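Worksheet: the structure to be examined is printed underneath.
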Amino acid sequence: MADIVLISPRFEVSFWGLEHAVPVLGRRAAMPPASLALLAALTPPGHAVTLVDENVEAVDYDRCAAADIVGLTGMSVQRGRMRAILGELRRRGAFTVVGGPWVTVDEDAFGPLADVVFVGEAEATWPLFLAEWAEGRHQRRYEQAERTDMTAVPAPRLDLLRMRDYAFGSLQVSRGCPFTCEFCDIIVTFGRRPRLKTPAQILAELDGLLAAGVRFAFVVDDNLIGDRRAVRPVLRAVADWQAARGHRLPLMTEASLDLAEDPDLMRLMLEAGIAAVFVGVESPNEASLRETKKLQNLRGDLPARVRAIQDAGLEVFCGMILGFDHDDAAIFAAHRRFLDEARVAVAMIGMLSAIPKTPLHARLAREGRLDPADPEGHGTNVVPLRMGREELRDGYRRLMAEAYAPAAFLARLDSLYLEGGFATAPARRRLPPWRRLPADAALFAQATLVLARLLRRVPEPALRREYARRCWRVARARRDPFLLLAYAVRCAMHHHFRLLARGLASGPVVNSI
Ligand code: B12
Ligand code: SF4
């Protein structure tokens, strides 16, 4: 049968790539490419599958040329590298297939460089293609007629990845989100009806992550609470699983801001081991939220709603967007104020970009406000309405520099961790001392190691002293090794964000969609 090689191409430095932080955590990349491990699990027996993540190992083109099928995945920021790899494979006569988030929204991105293109989910089309390929009658393009039945999705083949190279593991509970944000490609690709795996599937995947040595996992759903009723039994099962294992696998996820109004759900998430949530706040400007149809963010005071989630025990990371049609030059200061008031240390700030196939892309195309080539390096394909393009780009650069200046970042972090008395992982704290003690010792050792590695990498003596002093203060004031480790990891993340902001200030701004 077929000899298959599946590749995830190298990334450029990006906010969530955490490229400057992962060495501090003793790893080589942030997260494994989940799609490849899942495609391997979906491959019928008889075929041989090799997975290559170029972020942790080089592509061996001779090996690829000898394979029957070479598959590539990739998101927007990998598209340049995907093209380069496909070009090299084409020169060597390899048979190539591509899928994943970028080609799903830009099907013709690679033209004749790819023999076969997969659009969207591939649980049904990947095995179908393999069967048709074996009979010598495969198609040029595959797209599922029905969305994937998540209750039938197999556990990913983590055994085919070098899991020890990654800082975090990943796990997907659901796909789809009920909301209608104009810029969002998730609802285009996965639909607005959330589809969930069963508790049994999730527990089997959690067992697999622990067995693979994973000590922190990201639940990669775009909105874990898209169907609140359906997610509760999953969270209850995960809570029992965590309790039986001494809460050894902390989790983080993504959720919409309406979480703030559901204390019961937040309590359940905490019991399930979730310690942090990424929330798409997008803008402190109400008119912009209305414009982009982010209506769930318009139900009250934004900083107060974020604080409600933090006060329940979940740290909040935010997604923020600049350059909506209702944003003018005042927007940059408004973002700064919001981050301070909401005590959000980690915020992914970006310029509005229009992903193909989204309603935003269609509207801006109609209005003649798209510039896909962006030859002058404005960092987005959107032509803003109430600002010049340079004004937006330079304001973005300035905001990144200000938000990630050490004093500003550490002040936001301390207002949550120290003054705010932030307390997470309540179920862990309830464990009897004899069960907690070994885990606490390990967490303390990890925190010390992260800090030691960080101090070795930071060239500025003043900043080194500042990180050390703040960690020491948290250790003394909070006396919780879990919080201390979280704080040390935030410092490592800050090291990454600061270098990223510095690169932006002095170099080109590339489109981050
Ligand atoms: C987890 C995640 C990450 C992780 C891990 C990424 C990684 N190394 O794999 C982290 C946090 C590191 C990350 C970072 C970023 N991410 Co990200 N991420 C996601 C997220 C939430 C889930 C991806 C996932 O694991 N899905 C589970 C797998 C099983 O599903 P899948 O990848 O879609 O694969 C299925 C199909 O697509 C298909 N398929 C996929 N590949 C292939 C290949 C072949 C050959 C075939 C046949 C089929 C196929 O089969 C699979 C089964 O159906 C998605 C949103 C989403 N829901 O997809 C965003 C998403 C992919 N990220 C996105 C972006 C923009 C980024 C960042 C650039 C953000 C930033 N500015 O920092 C960074 C940069 C990347 C980096 N350096 O790692 C965008 C990409 C937009 C696009 N359309 O291309 C998405 C779609 C979110 C969004 N809408 O904004 N990300
Ligand atoms: S809440 Fe998030 S996933 Fe849902 S539509 Fe809006 S941007 Fe997309």
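All figures in this text were calculated on a predicted structure; none of them were measured in a lab. As the structure lists them, so they are numbered: ligands from 1, and atoms in each ligand from 1.
An N or O contact shorter than 3.5 Å links D222 to ligand 1 by distance. The shortest N/O to N/O separation between D185 and ligand 1 falls below 3.5 Å.
Under a 4.0 Å criterion applied to the non-hydrogen atoms of W102, ligand 1 contributes the atoms 84 (O). Below 4.0 Å from some heavy atom of L38 lie the following atoms of ligand 1, by number and element: 29 (C), 52 (C). Heavy-atom proximity to V220, at under 4.0 Å, picks out these atoms of ligand 1: 1 (C), 21 (C), 22 (C), 25 (O). Near M31, meaning under 4.0 Å from any of its heavy atoms, are these atoms of ligand 1: 4 (C), 5 (C), 8 (N), 11 (C). Close approach of ligand 2 to Q296 (heavy-atom distance below 4.0 Å) involves ligand atoms 1 (S). The contact set between ligand 1 and V77, taken as ligand atoms under 4.0 Å from a residue heavy atom, comprises 68 (C), 74 (C), 75 (C). For ligand 1, the atoms closer than 4.0 angstrom to any heavy atom of P33 are 9 (O). Close approach to S76 involves these atoms of ligand 1, each under 4.0 Å from a residue heavy atom: 65 (C), 80 (C), 81 (C), 82 (C), 84 (O). Within the listing of ligand 2, atoms 1 (S), 3 (S), 4 (Fe), 5 (S) sit less than 4.0 angstrom from a heavy atom of C177. Every atom of ligand 1 with a heavy atom of T73 under 4.0 Å away is listed here by number and element: 40 (C), 41 (N), 42 (C), 43 (C).
Ion pairing between D227 and R193 fails under the 4.0 Å rule for side-chain N and carboxylate O. Salt-bridge check for R195 with D149: failed, with every basic side-chain N at 4.0 Å or more from each acidic carboxylate O. Taking 4.0 Å as the cut-off between side-chain N and carboxylate O, K357 and E107 count as a salt-bridged pair. Note on E123 versus R175: salt bridge recorded, some NZ/NE/NH1/NH2 to OD/OE distance being below 4.0 Å. Using a cut-off of 4.0 Å between Lys/Arg side-chain N and Asp/Glu carboxylate O, R228 and D258 are scored as salt-bridged. In this structure, R232 pairs ionically with D262, as a charged nitrogen and a carboxylate oxygen lie closer than 4.0 Å. One finds a salt bridge joining E143 and R141 here, because a Lys/Arg side-chain nitrogen approaches an Asp/Glu carboxylate oxygen to under 4.0 Å.
For the residue pair Q296 and R299, no side-chain donor N or O sits within less than 3.5 Å of a side-chain acceptor on the partner. With hydrogens and angles left out, the side-chain atoms of R363 and T358 include no donor and acceptor closer than 3.5 Å. There is no side-chain donor-acceptor pair under 3.5 Å between E315 and Q310. For D374 and N381, the side-chain atoms include no donor-acceptor pair closer than 3.5 Å.
Using cut-offs of 30° and 60° for the angle between ring planes, the Y142 and F118 rings count as parallel. Using the six-membered ring where Trp is involved, F278 and W16 have ring planes that are perpendicular, over 60° apart on the 30 and 60° scheme. Ring planes of F129 and F95: parallel class, angle under 30° (limits at 30 and 60°).
Separation of atoms CZ (R490) and CG (L413) is listed at 7.5 Å; rounding is to 0.5 Å.
Heavy atoms of L6 found under 4.0 angstrom from ligand 1: none, in either backbone or side chain. Residue-level proximity to ligand 1 for F15 is carried by backbone and side chain together, each with a heavy atom below 4.0 angstrom. Residue-level proximity to ligand 1 for W16 is carried by backbone and side chain together, each with a heavy atom below 4.0 angstrom. For F11, every heavy-atom contact with ligand 1 shorter than 4.0 Å involves the side chain, none the backbone. No part of Q78 comes within 4.0 Å of ligand 1, judged by heavy-atom distances.
Taking the centre of each ring, F216 and F168 come in below the 6.0 Å mark.
Across E121, M252, E123, E254, heavy-atom proximity to atom 52 (C) of ligand 1 is greatest for E123. Evaluated by nearest non-hydrogen atom to atom 15 (C) of ligand 1, the leading choice among R79, R175, M75 is M75. Which of G280, A122, P101, S35 comes nearest to atom 28 (C) of ligand 1 through a heavy atom is settled by distance: it is S35. For atom 36 (C) of ligand 1, the choice among G99, S8, G120 with the nearest heavy atom turns out to be G120.
Summary of contacts: the protein heavy atom closest to atom 7 (S) of ligand 2 is K294 NZ, 3.5 Å. Protein heavy atom in closest approach to atom 6 (Fe) of ligand 2: C181 SG, 2.3 Å. If you check which protein heavy atom lies closest to atom 8 (Fe) of ligand 2, you get C184 SG, 2.4 Å.
For F190, the closest heavy-atom approach to ligand 1 falls below 4.0 Å. Residue contact check for ligand 1: E19 places a non-hydrogen atom closer than 4.0 Å to it. Under a 4.0 angstrom heavy-atom cut-off, L72 registers as being in contact with ligand 1.
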